[in-house]
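Structure first, commentary second.
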Amino acid sequence: MSECTKLEMKDLLPDLARGALAGPALAALEDHLATCASCRAELELVRAAQTVLGATPSVDTARIAAAVGRSSSIRRDATVAVAQARRRRAWSVAAPSRRVWLAAASIVAAVGVSVIASNTTRSPVEPGPAPTVAQVEQPSTPGPTTPEPTRPAAPRSTGRAELVMAGGVSDLADADLESLLRVLDDVDTELDVEPAVLLPVLEGDV
Amino acid sequence: MTEPTRDGEPSDAALIARWRGGDERAATILVERHAPAVSRFVASMGERGEVEEVVQDTFVRAFGSLDRFREASSLRTWLFSIARNLCRDRARANRRAPTVVAIDETHLLSSSDPLSAAVATETESRLRAAMERLTETQRAVFTLRVAEGWSYREIADVVETTEGAARVHYHNAVRLVKEYLDE
Ligand SMILES: [Zn+2]
């Protein structure tokens with residue numbers, strides 16, 4: 001059996017085997033097959049290959065779709081977190097990083113109050129009759145044990161850290177406040193990637 | 001191309017737009033629509049027991065970078081490109097020759113040829129062995145043309161070549177499989 005050189009006919013064999021050929025193309029191929037043993041043999045090969053390759057493995061599409069959903073929601077949260085972090089960094093080069101808030105949370109927890117506010121873009125809470133709000137400003141000069149920060153000092157009007165404490169300002173001892181401020185000074189303020197899991201802490205007042 | 005497909009189902013592009021708008025159900029429909037063919041392809045490319053893992057990874061990656069997906073191109077060629085790259089990476093990592101998986105040994109030749117079941121199974125197993133000897137590109141082209149009925153144009157997009165080169169790959173693959181079967 002000599003090899004057929006009519007590639008334009010061979011090109012159509014997979015379509016014929018799938019029943020996807022009609023009209024003049026089908027008629028022409030059938031005419032050719034009637035006289036070409038080589039193409040008839042190749043058609044059998046293509047059909048056999050379709051059988052081998054055509055079986056569909058069983059896959060759990062619901063599980064795959066759920067994985068896609070999980071992945072996309074994590075990505076959306078991360079996108080939101082990064083966008084929010086960048087907004088915060090834009091208004092203050094001294095904005096505390098997530099480590100600040102972790103440290104702040106642990107320090108404040110140690111003195112029995114809850115931290116529910118973070119650095120914000122709004123004006124400091126006005127001093128007034130509400131006794132549960134304390135404003136903590138960055139010290140203008142570092143304490144004796146605090147190294148000089150290498151970054152430029154943030155303007156007072158923007159680089160302000162606020163602690164809103166349900167237990168009142170008197171519940172936070174001076175020593176604890178100083179510890180917190182030292183932490184705030186020492187940490188790296190870079191904030192490029194922020195895990196979504198920290199959002200509840202970071203965005204408590206947003 | 002946001003118009004419905006012929007059978008009245010929303011097009012891939014319409015579903016992608018819905019998914020981008022927050023409709024999670026649209027992703028489910030797209031997975032249900034394309035996962036069977038992707039899984040056949042992954043199995044054909046030699047994945048043994050981890051077909052579903054690769055298919056899932058394909059969809060997660062595809063949806064994770066939908067912003068880079070061009071509306072004018074076909075979602076399925078894009079999915080198959082990702083699946084192919086994953087299969088190649090895994091084959092490289094495993095440092096083994098890919099193997100065509102026997103999905104269901106009870107599948108028999110569907111032609112009118114009166115082969116017995118035993119002969120059919122023997123033919124299939126020889127055919128699998130022959131396809132395993134093809135290059136990765138030849139096998140991908142052969143699979144997409146024979147099993148999925150794709151055009152050379154679409155196949156070229158998946159294997160990153162020209163339409164003419166895809167056609168040459170296909171005819172080379174057929175010739176080689178015949179030669180291997182004749183040995
Ligand atoms: Zn011929």
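In what follows, chains carry the letters A, B, and so on, assigned in the order in which the sequence lines appear, proteins first and then strands, with residues in each chain numbered from 1. Everything quoted here is computed from the prediction, not taken from an experiment. Side chains are part of it too, since the values below use all heavy atoms of this structure and drop only hydrogens, waters and symmetry mates.
- Of the atoms belonging to A20(A), not a single heavy atom falls under 4.5 Å from chain B.
- Side-chain contact of Y170(B) with D11(A): a donor-acceptor pair under 3.5 Å is absent, judged by distance alone.
- Using a 4.5 Å heavy-atom threshold, the side chains of L127(B) and L45(A) count as touching.
- Neither the backbone nor the side chain of V38(B) comes within less than 4.5 Å of any heavy atom of chain A.
- Here the side chain of E24(B) pairs no donor or acceptor atom with the backbone of G69(A) at under 3.5 angstrom.
- Contact of L181(B) with chain A is made through the side chain alone, with heavy-atom distances under 4.5 Å.
- The distance from atom OG1 of T143(B) to atom CD of Q50(A), rounded to the nearest 0.5 Å, is 11.5 Å.
- Here the closest heavy-atom approach between residue V146(B) and residue V46(A) is recorded as CG1-O, 3.7 Å.
- For the atom pair NE2 (H171(B)) and CD (E42(A)), the distance works out to 7.5 Å, reported to the nearest 0.5 Å.
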Side chain to side chain contact (heavy atoms under 4.5 Å, CB included) between E124(B) and T51(A), intermediate numbers included: CA-CA 8 Å; E124(B) 286 180 22; T51(A) 302; 3.6 Å; yes
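- Of the two parts of R175(B), neither the backbone nor the side chain holds a non-hydrogen atom closer than 4.5 Å to a non-hydrogen atom of chain A.
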Derivation of the salt bridge (charged side-chain N to carboxylate O under 4.0 Å, His left out) call for K178(B) and E3(A): CA-CA 11 Å; K178(B) 281 183 197 164; E3(A) 188 61 38; 3.1 Å; yes
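- Counting heavy-atom pairs closer than 4.5 Å to chain A, the top residue among A37(B), A130(B), G64(B), P36(B) is G64(B).
- At distances below 3.5 Å, at least one donor-acceptor pair connects side-chain atoms of E52(B) with backbone N or O atoms of D60(A).
- In this structure, the side chains of M131(B) and L53(A) come closer than 4.5 Å at one or more pairs of heavy atoms.
- Chain A forms the most heavy-atom pairs under 4.5 Å with one residue out of F59(B), W19(B), F41(B), and that residue is W19(B).
- Across all their heavy atoms, A35(B) and V59(A) have their closest contact at CB-CG2, 4.3 Å.
- Closest of all the heavy-atom pairs between S39(B) and T56(A) is OG-CG2, 3.7 Å.
- A donor-acceptor contact shorter than 3.5 Å is absent between the side chain of R63(A) and the backbone of Q56(B).
- Considering all non-hydrogen atoms of both residues, I64(A) and V55(B) come closest at CD1-CG1, 3.7 Å.
- The shortest distance between side-chain heavy atoms of D15(A) and R145(B) falls below 4.5 Å.
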